[in-house]
Amino acid sequence: MKLMRVGEAGREKPALLDADGKIRDLSGHVADIGGEAISPAGLAKIAAIDPNSLPELGAGRIGACVAGTGKFICIGLNFSDHAAETGATVPPEPVIFMKATSAITGPNDTVLIPRGSEKTDWEVELGVVIGKTAKYVSEADALDYVAGYCVSHDVSERAFQTERAGQWTKGKSCDTFGPIGPWLVTKDEIADPQNLGMWLKVNGQTMQNGSSRTMVYGVAHIVSYLSQFMSLHPGDVISTGTPPGVGMGMKPPRYLRDGDVVELGIEGLGSQKQSFVADR
């Protein structure tokens, strides 16, 4: 299934995209796309509904594809070719950092370039949405705890991230720096999360054209690894790293400016389009 949330920010309705591309209203069956609704039992309940019995929603704003996210966890330097372009070595264990949940926004919402920014950058990433609580899970069982996948844009301010004292979080957590969606695609629709094409364009020019095949640590390993240190809860999002082609890796580096338009997508998971505007 392709689950989504449609409506004004803060007033989104839960919905699904049917086989004909029509958006169907799920609000008569679930409160939102999150929590119990994306548990195995909750997803089974939604799957049993005949989409043709659901009211059709008109075109409108698409919100973040999951509600109630408690943790937005990111994995750094998780593509060998991306690590190489940034001059970093492949880490011996996954690099974990957090993105503030206040950064979460819809897939096509305007992204604000923060005040004082000089190096706002792009990163297309595979997002993993947790469907049931995971704690000390094995890699063999890890995907049982995944509800589905989404496109995640890990927008980053490199000067805030790497040139200021402290950790990466402040360069990753600016308002609107976490577009996710358009859909939460349930895991049964994705045969192999480690074989998905990933792309990103800036003003129509292709910058990233990679694949989840080049991940250093795959989805099952990441979910299992994280669960050794913290419990993962329904609605938590894991952004699993980016392929090469980011602005900081170019020679000379290239960064986003007021008026730029970024488009990005992942095979089977849909696409996003954002205008970047200076936050005045």
Between NZ on residue Lys119 and CG on residue Leu256, distance to nearest 0.5 Å: 14.0 Å
Glu56 atom CD, over 12 foreign heavy atoms within 6.0 Å: yes
CA sep, side-chain torsions, deciding dist, call: Asn52, Arg24, side chain to side chain contact (heavy atoms under 4.5 Å, CB included): CA-CA 8 Å; Asn52 293 318; Arg24 301 286 185 168; 3.6 Å; yes
Under 3.5 Å: donor-acceptor pair, side chain of Ser27, backbone of Lys13: no
His153 side, atom NE2; Leu200 side, atom CG - distance, nearest 0.5 Å: 5.5 Å
Path from Trp199 to Met250 over hydrophobic side-chain contacts below 4.5 Å: no
Heavy-atom donor-acceptor pair, Asn78 side chain to Met215 backbone, under 3.5 Å: no
Between OG1 on residue Thr240 and CD1 on residue Ile73, distance to nearest 0.5 Å: 12.0 Å
Residue pair Ile75 / Val216, side-chain heavy-atom distance below 4.5 Å: no
Check: Glu267 and Ser211 side chains under 4.5 Å, non-hydrogen atoms: no
Closest non-hydrogen atom pair, Thr120 against Pro114: OG1-CD, 4.1 Å
Pairing of Asp260 and Arg254 as salt bridge, 4.0 angstrom limit: no
Donor-acceptor under 3.5 Å (Trp122 side chain, Lys201 main chain): no
Cluster link Trp183 to Val128, ILVMFWY, side chain under 4.5 Å: yes
Interatomic spacing from CZ in Arg61 to CG in Asn108 - rounded to 0.5 Å: 9.5 Å
Side chain to side chain, Cys74 and Lys172, heavy atoms closer than 4.5 Å: no
Enclosure of Glu163 CD (heavy-atom neighbours >12, cutoff 6.0 Å): yes
CG on Leu232 to CD1 on Ile238, rounded to 0.5 Å: 5.5 Å
Minimum-distance pair of heavy atoms, taken over all atoms of Lys99 and Asp154: NZ-OD1, 2.7 Å
Path from Val146 to Ile96 over hydrophobic side-chain contacts below 4.5 Å: yes
Spacing of Ser138 atom OG and Asp144 atom CG [to the nearest 0.5 Å]: 8.0 Å
Closest non-hydrogen atom pair between Phe177 and Pro179, with its separation: C-CD, 3.5 Å
Minimal non-hydrogen separation, Gly181 against Pro107, with atom names: C-CB, 3.8 Å
Test item: Lys187 and Tyr149 side chains (from C-beta on) under 4.5 Å apart, heavy atoms: yes
Ile33 reachable from Val6 in the ILVMFWY side-chain graph, under 4.5 Å edges: no
Pairwise side-chain contact, Asp25 with Leu54, heavy-atom cut-off 4.5 Å (strictly under): no
Any donor-acceptor N/O pair, Glu263 side chain to Ser271 backbone, under 3.5 Å: no
Derivation of the side chain to side chain contact (heavy atoms under 4.5 Å, CB included) call for Val155 and Val262: CA-CA 11 Å; Val155 186; Val262 176; over 6 Å; no
Taking every non-hydrogen atom, the tightest pair across Gly148 and Leu184: CA-CD2, 3.7 Å
Donor-acceptor under 3.5 Å (Lys71 side chain, Met98 main chain): no
Heavy-atom donor-acceptor pair, Asp121 side chain to Met248 backbone, under 3.5 Å: yes
Any donor-acceptor N/O pair, Ser212 side chain to Leu196 backbone, under 3.5 Å: yes
Test: Arg164 and Glu118 ion pair at under 4.0 Å: no
Side-chain touch Ile180/Val66, heavy atoms, less than 4.5 angstrom: yes
Trace of the side chain to side chain contact (heavy atoms under 4.5 Å, CB included) decision for Ile46 with Val30: CA-CA 8 Å; Ile46 296 172; Val30 296; 4.1 Å; yes
Flag, side chain of Glu12 to backbone of Ile62, donor-acceptor distance under 3.5 Å: no
Nearest non-hydrogen partners of Ile38 and Pro234, listed with the distance: CD1-C, 4.3 Å
Donor on one side chain, acceptor on other, Ser156 and Gln161, under 3.5 Å: no
Heavy atoms from other residues, nucleotides or ligands near CD of Gln228 exceed 12 (cutoff 6.0 Å): yes
ILVMFWY network linking Leu269 to Leu17, side-chain heavy atoms under 4.5 angstrom: yes
Donor-acceptor contact present, side-chain Asp236 to main-chain His233, <3.5 Å: yes
Side chain to side chain, Leu3 and Leu26, heavy atoms closer than 4.5 Å: yes
Tyr136 atom OH: more than 12 heavy-atom contacts under 6.0 Å: no
Asp258 and Arg280, any side-chain heavy atoms less than 4.5 Å apart: yes
Donor-acceptor side-chain pairing of Ser39 and Glu36 below 3.5 angstrom: yes
Donor-acceptor under 3.5 Å (Glu157 side chain, Cys174 main chain): no
Trace of the side chain to side chain contact (heavy atoms under 4.5 Å, CB included) decision for Lys273 with Val261: CA-CA 7 Å; Lys273 183 176 182 179; Val261 175; 3.7 Å; yes
